[in-house]
Amino acid sequence: MTMKVVCIGGTVTSGSATECALMLAGQAARQAGADVRHFGGDYLGVLPHYRGPGHEAGAGGELVEAVREADGIIIAAPGYHGTVSGLVKNALDYLEDLAGDARPYLDGRAVGLIATAYGDQATMSTMMTLRAITHALRGWPTPLGATVRTFQDLFDTQGACSDARVAAQLTMVGAQVVMGARSLAGAVA
């Protein structure tokens with residue numbers, strides 16, 4: 001059975017380190033045999049604030065439906081002021097639309113986490129927040145969460161990573177999501 005993995009994250013800046021990290025982890029999930037869908041900064045940037053004044057029924061429906069069908073999720077968030085960016089948090093708020101499902105929120109899904117920032121403290125506090133959100137949404141975080149301290153030229157214009165250690169961590173996150181998704185699917189079957 002082919003596992004379905006949804007990648008969520010990025011920034012409003014096209015080609016950001018966060019989005020490149022997410023793409024690299026998604027590529028590893030694809031290489032492990034998963035069908036992968038990405039919801040990056042371009043998609044997240046136009047989502048109205050969840051249940052805010054501009055929110056209409058069906059907003060974010062493509063994201064919600066993809067997560068509903070997913071076996072695994074990869075979330076990448078930049079560390080802004082020591083926590084998850086508002087852009088990524090707003091996208092995760094849309095998962096409230098899954099509350100009434102037979103498998104609510106992220107229940108029974110492996111969730112890989114990536115936190116990016118210019119400093120170590122911000123990557124760690126962002127990772128802790130991502131783990132707390134994942135637990136609150138009943139997801140199963142993978143054993144490895146990648147904390148990526150970004151710097152200029154960490155990723156080239158094609159998305160290739162110049163740091164072998166970072167690339168290995170991101171690849172492991174993607175592979176662990178697929179492995180976890182298969183394990184959870186087998187436990188439910």
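Quick note: residue numbers are just sequence positions, from 1.
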Original post:
So do Leu63 and Ile8 actually touch side chain to side chain, heavy atoms under 4.5 Å?
Top reply: yes
**OP:** Could you walk me through whether Val178 and Val5 pass the side chain to side chain contact (heavy atoms under 4.5 Å, CB included) test, one step at a time?
**Re:** CA-CA 8 Å; Val178 177; Val5 173; 4.2 Å; yes
Subject >> Over 12 foreign heavy atoms within 6.0 Å of CD, Glu96 >> reply: yes
**OP:** Check the hydrophobic clustering (I, L, V, M, F, W, Y; side-chain heavy atoms under 4.5 Å; chains of links allowed) and say if Met124 and Ile133 are grouped together.
**Re:** no
**OP:** Could you name each residue pair satisfying salt bridge (charged side-chain N to carboxylate O under 4.0 Å, His left out) that touches residues 103-125, not counting sequence neighbours?
**Re:** Asp120-Arg149
**OP:** Could you tell me the separation between the NE2 atom of His135 and the CH2 atom of Trp140, rounded to the nearest 0.5 Å?
**Re:** 10.0 Å
Subject >> His55, NE2: over 12 other non-hydrogen atoms inside 6.0 angstrom >> reply: yes
**OP:** Check Thr2, Val6, Asp71 against Asp35 for a side chain to side chain contact (heavy atoms under 4.5 Å, CB included) and give me the one that passes.
**Re:** Thr2
Subject >> Gap between atom NZ of Lys89 and atom OG1 of Thr129 - 0.5 Å precision >> reply: 10.5 Å
Subject >> Inter-residue atom distance Leu47.CG - Asp93.CG, 0.5 Å rounding >> reply: 10.5 Å
**OP:** Give a yes-or-no answer on whether the side chains of Thr116 and Thr18 include a donor-acceptor pair shorter than 3.5 Å.
**Re:** yes
Subject >> Approximate separation, where rounding is to 0.5 Å, of Arg182 CZ and Leu184 CG >> reply: 12.5 Å
Original post:
Between atom CG of Leu44 and atom OH of Tyr94, what is the distance when rounded to the nearest 0.5 Å?
Top reply: 10.0 Å
Subject >> Test side-chain hydrogen bond (donor to acceptor under 3.5 Å, both in side chains) applied to Asp97 - qualifying residues, sequence neighbours left out >> reply: Tyr50
Original post:
Same cluster or not: are Val36 and Val173 linked, directly or through other Ile, Leu, Val, Met, Phe, Trp or Tyr residues, by side-chain heavy atoms under 4.5 angstrom apart?
Top reply: yes
**OP:** Give a yes or no on this: more than 12 heavy atoms of other residues, nucleotides or ligands lie within 6.0 Å of atom CE of Met23.
**Re:** no
Got a list of side-chain donor-acceptor pairs under 3.5 Å for residues 158-165, not counting sequence neighbours?
unit_1, atom_1, unit_2, atom_2, d
Ser162, OG, Asp153, O, 3.0
Ser162, OG, Leu154, O, 3.2
Asp163, OD1, Arg165, N, 2.9
Asp163, OD1, Val166, N, 3.1

Subject >> Salt bridge flag under 4.0 Å for residues Arg37 and Glu62 >> reply: yes
Original post:
Can you tell if the side chain of Thr150 reaches within under 4.5 Å of the side chain of Pro78, non-hydrogen atoms only?
Top reply: no
Subject >> Nearest-0.5 Å distance, CG of residue Leu106 to CZ of residue Arg138 >> reply: 10.5 Å
Original post:
Are the side chains of Ile75 and Leu92 in touch, meaning some heavy atoms are under 4.5 Å apart?
Top reply: yes
